[in-house]
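The first residue in the sequence is number 1, and the count goes up from there. These values consider heavy atoms only, across backbone and side chains, with no hydrogens, waters or symmetry-generated copies.
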Amino acid sequence: MAEEKMLITGERRLEGTVRVSGGKNTAVAIIPAAILSQTPCVIENLPNIEDVIVSVETLRYLGAKVTWSPEEGIMEVDPSTITKTAIPEELCSRMRASSYYIGALLARFGEAKVPLPGGCTIGRRPIDQHIKGMRAIGAQVDTDRGGTVLAQAKNGLSGGDVFLDMPTVGGTINVMLAASRAQGITTIYNAAKEPHIVDLANFLNSMGCKVKGAGTDVIRIRGQQNLRPRRPYAVIPDQIETGTLMIAAAATHGDVTVTGCIPTHMEALTAKLLEMGARVDEKDDAIRVRSIGAHRGVTFKTQVYPGFPTDLQQPMSALLCTATGSSTVVENIFESRLRHLAEMERMGANVRVFERTAVIQGVPKLHGAAVEASDLRAGAALVVAGLMAQGTTEITGTHFIDRGYEHLEDKLSSLGADIRRSKDA
Ligand code: EPZ
């Protein structure tokens with residue numbers, strides 16, 4: 001089958017204004033939460049990306065009535081017609097966040113059968129903490145040899161204390177979903193604090209749940225049986241798309257304003273761009289990034305929120321390839337999230353990788369090459385590199401990019417990039 005490619009001719013300054021889409025990682029958590037409601041839910045500001053498409057297909061497979069207008073980003077879910085509590089392999093293999101259906105189905109129906117994708121290119125991605133949390137509130141959870149999770153709560157779920165070994169985003173979300181209809185109070189200690197954890201808490205509370213402390217490392221959930229939304233809920237803007245567009249602006253020495261974003265979500269990246277010598281101006285719901293002279297190399301280490309996000313490590317490391325001097329990148333969250341750098345070397349980058357640490361020696365220029373995206377944010381890194389490089393870069397694996405970025409090439413073209421897709425004959 002013809003392989004689709006993204007072709008970028010680099011060295012063009014990005015200039016102008018671009019609006020960020022709704023958040024991928026918040027959407028894939030809030031959509032399954034609609035299962036918890038007694039009545040139909042309306043969710044707005046959803047991005048038209050592969051992960052949302054798979055979420056719609058999953059809800060429809062379970063029996064929910066779903067109407068979705070991709071370009072308006074509005075979805076209505078009526079969960080009252082759901083009849084299934086098992087999800088097939090082919091749906092789960094297309095979206096990492098399928099694990100959230102364990103917590104949601106367990107809370108609503110007292111059972112769930114969800115085959116989980118194993119590891120991926122960035123790491124093993126275990127869910128032991130998800131399982132630990134559900135057991136702590138009364139669920140029986142087993143995993144069969146094929147990796148299918150079987151969860152049951154014959155006597156219903158009752159509140160409990162959950163001590164997470166690490167502030168896992170997915171683990172926190174899954175336990176919040178499971179606990180939302182449990183009898184009594186569930187307390188999650190060492191909870192993740194990412195913006196989409198707060199967004200999920202706000203959505204659950206808009207349905208009548210009682211979630212307190214989201215955004216801190218202790219979250220308390222008083223489960224409610226009768227959850228029903230009182231109004232449509234708009235998901236927050238995508239923190240990682242915002243950051244990717246900010247990095248692309250700096251990479252092309254451009255002048256770009258990203259609108260519809262939340263500047264406080266971007267502080268770790270903003271601080272690093274300023275340290276590199278870029279200019280960043282924040283407004284209420286917009287961030288302007290300008291960059292004129294050479295960038296200074298910096299050191300950064302990925303951390304849980306509000307530290308430097310692991311999802312921006314890959315595009316940021318592309319930007320550092322042409323910074324002056326040496327930069328050091330430490331990937332503390334996932335065990336193998338530096339593989340994109342080998343593709344950068346094909347474009348002339350000077351990188352040495354030791355386990356989770358990359359030392360990047362800035363070079364004057366990158367040159368275009370045929371490169372392959374190995375995962376979603378590696379794809380974003382290659383796009384940033386292509387925008388910087390002399391000549392044309394051909395990127396394959398564009399389906400990874402489509403999982404998390406809505407109309408990325410349209411957005412970049414509107415800012416002056418020379419970027420298009422082509423199918424090999
Ligand atoms: C979410 O993944 C995001 N995915 C990831 O975004 C993001 O990189 C990650 O959070 C960190 O912010 C979605 O939201 C759909 P974790 P998740 O559980 O939930 C270990 C993207 O590009 N761990 O916080 O899987 C795990 O192995 C994607 O948009 C356990 O050991 O992240 C990892 O090393 C990529 N046991 C670390 O914790 C568990 O039970 C962080 O994982 C769970 C996690």
Side-chain angles (χ1 to χ4, degrees), residues 1-10 21 24-25 28 47-54 93-97 117-123 125 238 240-248 251-252 302 309-322 329 331 333-349 351 353 358 360 366-389 391-413 417-424:
M1 193 178 94
E3 161 102 56
E4 183 182 69
K5 288 178 184 169
M6 198 177 265
L7 303 172
I8 304 173
T9 301
S21 299
K24 161 179 107 72
N25 290 345
V28 298
N48 180 14
I49 54 175
E50 180 62 16
D51 274 13
V52 172
I53 292 166
V54 176
S93 62
R94 289 167 55 194
M95 183 178 69
R96 164 129 323 263
C120 62
T121 53
I122 65 175
R125 314 294 291 273
D238 195 304
I240 306 306
E241 185 191 25
T242 301
T244 306
L245 293 167
M246 289 168 67
I247 291 167
T252 59
T302 63
T310 175
D311 294 347
L312 287 176
Q313 176 265 106
Q314 291 156 290
M316 185 68 169
S317 55
L319 174 60
L320 292 173
C321 288
T322 59
V329 175
E331 173 52 63
I333 306 296
F334 289 106
E335 60 267 34
S336 60
R337 200 170 194 172
L338 296 170
R339 297 168 43 151
H340 59 291
L341 292 169
E343 294 299 290
M344 302 283 163
E345 286 184 291
R346 296 162 51 79
M347 300 176 72
V351 181
V353 175
I360 302 171
L366 295 180
H367 55 75
V371 289
E372 183 171 7
S374 53
D375 62 76
L376 165 57
R377 306 303 175 183
L382 294 172
V383 169
V384 170
L387 292 170
M388 290 159 55
T392 299
T393 299
E394 283 188 5
I395 303 172
T396 49
T398 51
H399 61 283
F400 285 117
I401 297 172
D402 295 337
R403 278 200 46 220
Y405 291 96
E406 181 183 42
H407 305 323
L408 182 61
E409 68 271 23
D410 296 346
K411 287 172 176 153
L412 293 172
S413 300
D418 178 347
I419 179 171
R420 61 188 174 80
R421 290 194 190 220
S422 84
K423 271 204 188 297
D424 248 355

Quick one: [atom1] on [X] to [atom2] on [Y], what's the gap to the nearest 0.5 Å?
X: Asn25; Y: Arg96; atom1: CG; atom2: CZ; answer: 11.5 Å
X: Arg420; Y: Leu7; atom1: CZ; atom2: CG; answer: 4.5 Å
X: His340; Y: Glu345; atom1: NE2; atom2: CD; answer: 11.0 Å
X: Phe400; Y: Leu382; atom1: CZ; atom2: CG; answer: 11.5 Å
X: Thr302; Y: Glu331; atom1: OG1; atom2: CD; answer: 3.5 Å
X: Ile247; Y: Ile240; atom1: CD1; atom2: CD1; answer: 9.0 Å

Less than 4.5 Å apart, side chain to side chain, heavy atoms only: is that true for [X] and [Y]?
X: Gln313; Y: Val329; answer: yes
X: Met388; Y: Met347; answer: no
X: Asp311; Y: Arg337; answer: yes
X: Leu412; Y: Leu245; answer: yes
X: Val371; Y: Thr393; answer: yes
X: Asp238; Y: Ser21; answer: no

Quick check: closest heavy atoms across [X] and [Y], and the distance to 0.1 Å?
X: Ser317; Y: Ile360; value: O-CD1, 3.7 Å
X: Arg346; Y: Ala370; value: NH2-O, 2.6 Å
X: Leu341; Y: Ala358; value: CD1-CB, 3.5 Å
X: Arg377; Y: Tyr405; value: NH1-OH, 3.0 Å
X: Gly379; Y: Ala373; value: CA-CB, 3.6 Å
X: Gly404; Y: Ile49; value: C-CG2, 4.0 Å

Checklist entry - Counting distance only, does the side-chain N/O of Glu343 pair as donor-acceptor with the main-chain N or O of Glu372 below 3.5 Å? => result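 Yes, the answer is positive, given that a donor and an acceptor are paired below the 3.5 Å cut-off.
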Item to check | Donor-acceptor contact present, side-chain Glu335 to main-chain Gly123, <3.5 Å | outcome: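 Judged by distance alone, no pair lies under 3.5 Å.
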Item to check | Counterpart residues, side chain to side chain donor-acceptor pair (under 3.5 Å), relative to Thr9 (two or more places apart) | outcome: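 Partners of Thr9 by the side chain to side chain donor-acceptor pair (under 3.5 Å) criterion, ordered by chain and then number, come out as Thr392.
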Checklist entry - Glu3 and Thr396: side-chain donor and acceptor closer than 3.5 Å? => result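 No donor-acceptor contact under 3.5 Å links the two side chains.
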Next on the checklist: Please identify which of these residues, Arg94, Arg403, Lys24, meets the side chain to side chain donor-acceptor pair (under 3.5 Å) condition with Glu50.
Outcome noted: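 Of the listed residues Arg94, Arg403, Lys24, the side chain to side chain donor-acceptor pair (under 3.5 Å) partner of Glu50 is Arg94.
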Item to check | Matching residue for Thr398 among Lys5, Met6, Glu409 - test: side-chain contact (heavy atoms from CB on, under 4.5 Å) | outcome: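 The passing option is Met6.
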Checklist entry - Do Gln314 and Asp375 pass the side chain to side chain contact (heavy atoms under 4.5 Å, CB included) test, and can you show the C-alpha distance, the side-chain angles, and the key distance before you say yes or no? => result CA-CA 10 Å; Gln314 291 156 290; Asp375 62 76; 3.2 Å; yes
